[in-house]
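Letters A, B, ... are given to chains in the order of the sequence lines, protein chains preceding strands, and every chain is numbered from 1.
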Amino acid sequence: MDKSRNFIEQIIESDLEEGKHGGKVITRFPPEPNGYLHIGHAKSICLNFGVAIEYGGITNLRFDDTNPSTEETEYVESIKKDIHWLGYDWEDRLYYASDYFEQLYELAVKLIEKGLAYVDDSSADEIAEEKGTVTEPGVESKYRARSISENLELFQGMRDGKFDEGSRVLRAKIDMASPNLNMRDPLIYRIKKVPHHQTGKEWNIYPMYDFAHSLSDSIENITHSLCTLEFENHRPLYEWFIEKLEVFPSRQIEFARLNVNYMITSKRKLLRLVKEGYVSGWDDPRMPTISGMRRRGFTPASIRQFADRVGVAKRDNVIDISLLEFCVRDDLNARANRMMAVLNPLKVVIINYPEGEVEWLPAENNPEDPDAGNREMPFAREIFIERDDFMKDPPKKYFRMAPGRYTRLKHAYILHCDDFVEDSDGNIKEVHCTYNKDSKSGSDTSGIKAKGTLHWVSVEHAKKAEARLYDRLFTEPVPDGDPEKDFTSFVNPDSLTVLHEIFVEPSAGEIAQGEQIQFFRKGYFVLDQDSTKENLIFNRTITLKDSWAKIQKKHKK
RNA sequence: AGACCCAUGGUGUAACGGUAGCACUCCGGUUUUUGGUACCGUCAGUCAAGGUUCGAAUCCUUGUGGGUCUACCA
């Protein structure tokens with residue numbers, strides 16, 4: 001059975017068959033260093049690096065740093081870290097568009113010499129005015145007919161800093177009547193007397209995106225330049241520069257950007273969430289940023305799997321976040337060791353268990369992975385169980401602990417619930433049970449059948465910890481889809497719940513930062529970067545699927 | 001409304017002129033010392049109308065619906 005190919009893979013395979021570019025495949029990931037990478041970038045990274053790997057090619061990392069007023073090295077560093085974390089490597093091919101500023105300048109000069117570019121003294125407003133509209137053609141600038149030598153001299157003057165910002169631009173001379181607005185004499189250089197994070201004060205002019213991107217691709221011999229759909233209308237311009245300058249023919253191919261419901265990926269809106277304090281920062285575990293997902297406990301493999309499963313096509317899409325959640329659970333189920341933590345404790349006293357006695361019971365680390373080995377858990381007279389694992393008056397399908405019932409403690413014994421203590425308000429204070437000595441896990445000869453299996457920790461041995469429970473950041477599937485309401489009004493007030501006193505089994509105190517674990521029956525967790533030996537902090541990556549919650553929900557209705 | 005692009009179950013994606021398949025979700029079931037996992041099953045789709053063809057999701061035409069574009073941003 002052949003793996004089905006997306007349309008980009010099909011293009012590459014057909015190019016390969018034709019022997020185009022000598023069978024080479026070179027892609028690039030071209031982030032602008034003006035923000036943090038998010039889930040949408042992850043798709044692009046996986047696509048670009050993925051197809052190169054698939055077809056024996058290479059992928060360059062190139063920072064598209066042509067606008068020094070919004071870009072910073074802080075972003076350069078975070079972007080590099082995120083790509084490596086995702087599992088991809090550009091080896092020694094770390095480039096910047098700014099590496100090519102001199103070459104790009106020369107190419108602009110060449111365009112002028114060919115009579116295909118001119119310096120325009122018009123103001124931004126005038127240029128906008130003369131651009132025309134979608135239904136009306138534009139008007140040619142009065143500076144359009146300048147001589148080549150005058151253009152050359154003025155362009156050199158722009159470079160030398162002789163003119164003020166905004167006073168002049170270099171434009172390509174194409175067609176002011178083109179139905180494609182991008183072809184109506186687009187700007188290719190503007191004056192910006194702003195220091196650049198890579199080139200310092202060397203330049204007074206900076207190239208525009210279309211010019212820089214097309215020609216940077218060409219300079220790097222990029223064979224397949226993959227970008228999102230909104231650049232589709234730019235492709236004729238991309239090709240115009242390459243054709244007129246007779247340089248390496250990179251090809252731009254557009255695919256649909258990734259959208260995920262209950263998430264937003266607009267850099268501007270993400271910035272607002274940070275600036276306005278809805279989240280703690282770019283790496284808040286609720287953010288769709290790569291750094292946020294990493295802190296949340298998502299694994300690189302799960303994100304790669306997700307990127308693979310969403311597919312690549314040209315139609316607009318909104319992926320159901322449950323697919324991402326599935327990928328995360330699927331990966332974590334296989335690799336996360338199980339441990340026990342009681343998030344909302346209820347004390348159980350095993351009245352026939354000797355006071356002061358402690359048994360260390362072997363506990364399997366991961367039923368999905370026989371090589372994961374065992375650990376030992378202390379068992380004693382007083383334990384904590386989860387508060388909602390006991391009900392004094394249980395409904396029909398409830399099969400956890402209740403008076404008169406038998407319940408299994410995972411890796412330990414079967415308990416019979418004898419009695420419970422409640423205060424005057426009806427709050428359960430503690431539960432009294434008797435255990436059956438012959439029901440020990442692995443050597444159960446008691447013959448007792450227990451429907452439910454509970455997690456637990458020994459009161460005496462458990463460590464206190466903090467848990468941060470995360471949920472979807474928004475309450476609406478498309479938070480920015482309502483023009484009437486600001487997306488911030490849909491921030492989920494319950495997206496973060498902090499539990500200050502949970503109890504974890506002793507070995508949970510020894511896990512490494514960033515190590516994913518499953519708290520038995522409660523979900524996948526990871527140690528947060530704020531965690532210390534004294535103050536353990538666990539981030540809940542995601543809950544387990546919970547069919548009991550589903551049953552409850554159905555009965556409420 | 002001018003140009004360009006897109007249209008397959010609830011969601012996403014295959015099928016390249018020859019039996020509409022896969023995944024997620026939903027629903028139901030089996031197994032289970034995690035109400036997890038695994039496994040099985042149910043429901044459910046070619047935007048519309050013409051045309052070409054023995055045969056159309058696929059090619060053509062028209063329509064409809066959606067997206068992008070009028071930054072000295074990328």
Looking for any heavy atom pair under 4.0 Å, which part of the strands does [X] touch: base, sugar-phosphate only, or nothing?
X: A:H234; value: base
X: A:Y209; value: base
X: A:S322; value: sugar-phosphate
X: A:Y398; value: base
X: A:N261; value: nothing
X: A:L181; value: base
X: A:Y206; value: nothing
X: A:P30; value: nothing
X: A:S547; value: sugar-phosphate
X: A:R309; value: sugar-phosphate
X: A:K410; value: base
X: A:R184; value: nothing
X: A:I551; value: base
X: A:R329; value: nothing

Problem set entry | Nearest non-hydrogen partners of A:W282 and A:T289, listed with the distance | O-OG1, 2.6 Å
Exercise. Is a side-chain donor-acceptor pair under 3.5 Å present for A:R28 with A:H213?
Worked result: yes
Exercise. Using a distance-only test with no angle check, is there a side-chain donor-acceptor pair under 3.5 angstrom linking A:D120 and A:S122?
Worked result: yes
[atom1] atom, [N] versus [M]: distance in rounded Å?
N: B:rA44; M: B:rG21; atom1: P; value: 13 Å
N: B:rU25; M: B:rC5; atom1: P; value: 36 Å
N: B:rA20; M: B:rU8; atom1: C1'; value: 8 Å
N: B:rU62; M: B:rC24; atom1: C1'; value: 37 Å
N: B:rU37; M: B:rU32; atom1: C1'; value: 9 Å
N: B:rA71; M: B:rC16; atom1: P; value: 43 Å
N: B:rG10; M: B:rC26; atom1: P; value: 16 Å
N: B:rC47; M: B:rA56; atom1: C1'; value: 16 Å

Problem set entry | Opening and closing nucleotides of RNA chain B in contact with chain A, under 4.0 Å to non-hydrogen atoms | B:rA1 to B:rA74
Exercise. When you match A:T135 and A:S123 each to their closest nucleotide on RNA chain B, which lands nearer the 5' end?
Worked result: A:T135
Problem set entry | Residue whose nearest RNA chain B nucleotide is more 5′ - A:L409 or A:E232 | A:E232
Which nucleotide, in any strand shown, forms a Watson-Crick or G-U wobble pair with [N], with both distances under 3.5 Å?
N: B:rA14; value: none
N: B:rU64; value: B:rA7
N: B:rC26; value: none
N: B:rC69; value: B:rG2
N: B:rG36; value: none
N: B:rU53; value: none

Using the benzene-type ring in the case of Trp, are the ring centres of [X] and [Y] under 6.0 Å apart?
X: A:F211; Y: A:Y189; answer: yes
X: A:Y238; Y: A:F231; answer: no
X: A:Y75; Y: A:Y36; answer: yes
X: A:F519; Y: A:F538; answer: yes

Exercise. Could A:E54 and A:R5 be called an ion pair, given the rule that one side-chain N must be under 4.0 Å from one carboxylate O?
Worked result: yes
Exercise. Are more than 12 heavy atoms from other residues, nucleotides or ligands located less than 6.0 Å from atom NZ of A:K162?
Worked result: no
